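Accompanying notes for the structure given below.
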There are 2 protein chains.
Amino acid sequence: MANHTSSGSYHHGDLKNALLQAGEQLLAEKGITAVSLRDVARAAGVSHTAPYRHFRNKAALLRALALTGFVRLNGELAEVHVREKLGPERQLAETAVGYVRFAMTNPEMFRLMFGGMVTADGDAEYLAASQAILAWLDEIMRAGIAVGVFRDRDAGELAQVAWTSMHGLATLLMSGAMGISVADREQPGKLVRVVMQHIIYGLSR
Amino acid sequence: MANHTSSGSYHHGDLKNALLQAGEQLLAEKGITAVSLRDVARAAGVSHTAPYRHFRNKAALLRALALTGFVRLNGELAEVHVREKLGPERQLAETAVGYVRFAMTNPEMFRLMFGGMVTADGDAEYLAASQAILAWLDEIMRAGIAVGVFRDRDAGELAQVAWTSMHGLATLLMSGAMGISVADREQPGKLVRVVMQHIIYGLSR
DNA sequence: ACCTGAACACCGTTCAAGT
DNA sequence: ACCTGAACACCGTTCAAGT
């Protein structure tokens with residue numbers, strides 16, 4: 001899809017985006033370990049060396065893919081914000097539910113984003129994308145402090161506590177280490193609410 | 001190393017353990033994505049097909065490797081328990097520090113254990129190994145409830161909160177998403193203590 | 001029982017070459 | 001500028017064969 005260039009010839013139109021789209025689909029279908037650069041090129045209908053014109057190597061393509069994941073996650077968290085006008089505690093709880101749901105419904109993307117294949121090491125784009133999540137939580141905590149429901153501590157600190165909790169829930173649930181099978185659709189939401197209730201209790205005054 | 005069989009011939013002695021040892025070293029040196037089954041066989045001094053006599057495939061070798069990681073982690077957490085006789089709160093905080101330190105000093109092993117390449121899906125051994133961590137935290141929480149420092153709730157629930165928090169800290173720090181470079185040796189410990197302080201506050205009565 | 005070597009169908013990456 | 005095809009040094013896995 002995307003925009004064709006005006007010329008009728010278009011070798012492929014916008015190969016870069018075509019590759020990212022194909023990559024995202026293959027990621028979801030086959031999993032992070034099974035997706036090859038050659039597969040992506042094949043799915044986009046070009047030779048297996050064509051991607052090198054747009055990405056330095058496979059890692060660069062995966063990095064770009066992870067960034068689209070962050071955009072999507074931030075978008076979903078924003079939706080929670082709009083939908084919920086029920087005060088900071090409820091907002092925090094629902095953000096956690098959304099965060100964990102994103103992880104459970106896009107497990108391979110989530111793994112790509114946080115699993116260590118892509119890292120923030122000197123990557124300003126990645127760092128900015130991930131910090132956007134923290135900024136988001138920071139806003140909730142700040143609002144909660146302002147209306148007196150959260151303890152009057154550094155909002156950034158409280159945001160770190162919140163992020164840590166929902167991220168731990170997501171990663172632990174995905175690994176299956178919690179003893180709750182990934183297939184089970186009901187349990188996760190319940191666990192998230194129970195754990196977040198404790199967290200929120202601790203953050204409240 | 002390990003035990004030679006009594007016969008002088010010994011094709012390799014105990015190849016299975018030799019492979020696991022070689023695998024652990026290569027994992028730490030080259031990282032999870034770079035370690036190949038052929039590398040492991042090479043390091044153990046056998047042909048690249050020999051491992052198939054002891055492991056069904058590469059995934060099975062990695063799974064066995066992850067299990068040794070769980071044994072090591074549980075051992076380190078046990079050390080914290082013996083060392084600290086300072087009450088449940090302090091014990092929980094130090095357990096979190098130990099948990100995160102394990103992750104930071106054995107990042108590739110930690111990734112292997114929780115990164116999704118190995119999963120609990122119907123794997124009783126993996127589930128038992130990971131549940132041992134939870135049982136461990138459960139004990140701390142139970143003791144804390146008994147002496148009246150923690151809220152009188154289901155100990156398993158409090159243990160899930162605790163595990164979630166330290167695991168979130170570990171994974172978020174490793175990904176670099178927190179904005180704290182992995183190279184920085186001081187910051188992590190500080191962050192862990194700050195976050196755990198909030199968590200413990202919430203768990204306390 | 002335990003290990004080897006050839007073989008197969010894949011990889012990621014480089015490079016000269018085509019339009 | 002953008003893409004192709006051959007080539008290179010790797011993979012994981014299977015299988016007949018050796019001791």
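In what follows, chains are A, B, ... by sequence order, proteins preceding strands, each numbered from 1. Predicted model only: the values in this text are computed from it and were never measured.
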Atom NZ of B:K30 and atom P of D:dC11 are separated, to the nearest Å, by 7 Å

Take the protein atom NZ of A:K16 and the nucleotide atom P of D:dA1, then report the distance between them rounded to whole Å.
-> 16 Å

For DNA chain D, stems built from three or more consecutive Watson-Crick or G-U wobble pairs below 3.5 Å = C:4-8 with D:12-16, C:12-16 with D:4-8

Detail all sub-3.5 Å separations between protein N/O atoms and N/O atoms belonging to nucleotides 12-15 of chain D.
from: D:dG12; atom 1: OP1; to: B:L37; atom 2: N; distance (Å): 2.8
from: D:dG12; atom 1: OP1; to: B:K58; atom 2: NZ; distance (Å): 3.1
from: D:dG12; atom 1: OP2; to: B:L37; atom 2: N; distance (Å): 3.2
from: D:dG12; atom 1: OP2; to: B:R38; atom 2: N; distance (Å): 3.2
from: D:dG12; atom 1: N7; to: B:R38; atom 2: NH1; distance (Å): 2.5
from: D:dG12; atom 1: O6; to: B:R38; atom 2: NH1; distance (Å): 3.0
from: D:dT13; atom 1: OP2; to: B:Y52; atom 2: OH; distance (Å): 3.0
from: D:dT13; atom 1: OP2; to: B:K58; atom 2: N; distance (Å): 3.0
from: D:dT13; atom 1: O5'; to: B:Y52; atom 2: OH; distance (Å): 3.2
from: D:dT13; atom 1: O4; to: B:R38; atom 2: NH1; distance (Å): 3.4
from: D:dT13; atom 1: O4; to: B:H48; atom 2: NE2; distance (Å): 3.4

Please list, chain by chain and in numerical order, all residues satisfying ring-ring contact (aromatic ring centres under 6.0 Å, His included) with A:F110, sequence neighbours excluded.
-> A:Y99, A:F114, A:H167

Taking side chain as C-beta onward, heavy atoms only, is B:V35 less than 4.5 Å from B:E29?
-> no

Go through the structure and list residues passing salt bridge (Lys or Arg N to Asp or Glu O under 4.0 Å) with B:R72, not counting sequence neighbours.
-> B:E24

Under the rule for side chain to side chain donor-acceptor pair (under 3.5 Å), what residues qualify as partners of [X], not counting sequence neighbours?
X      : answer
B:R142 : B:D138
B:E125 : B:R63
B:R42  : B:D39
B:R193 : B:E94

Output yes when at least one side-chain N/O atom of A:H54 is less than 4.0 Å from OP1 or OP2 of D:dA1, else no.
-> no

Considering residues at least two apart in sequence or located in another chain, which fulfil the side chain to side chain contact (heavy atoms under 4.5 Å, CB included) criterion with B:S47?
-> B:T49, B:A50

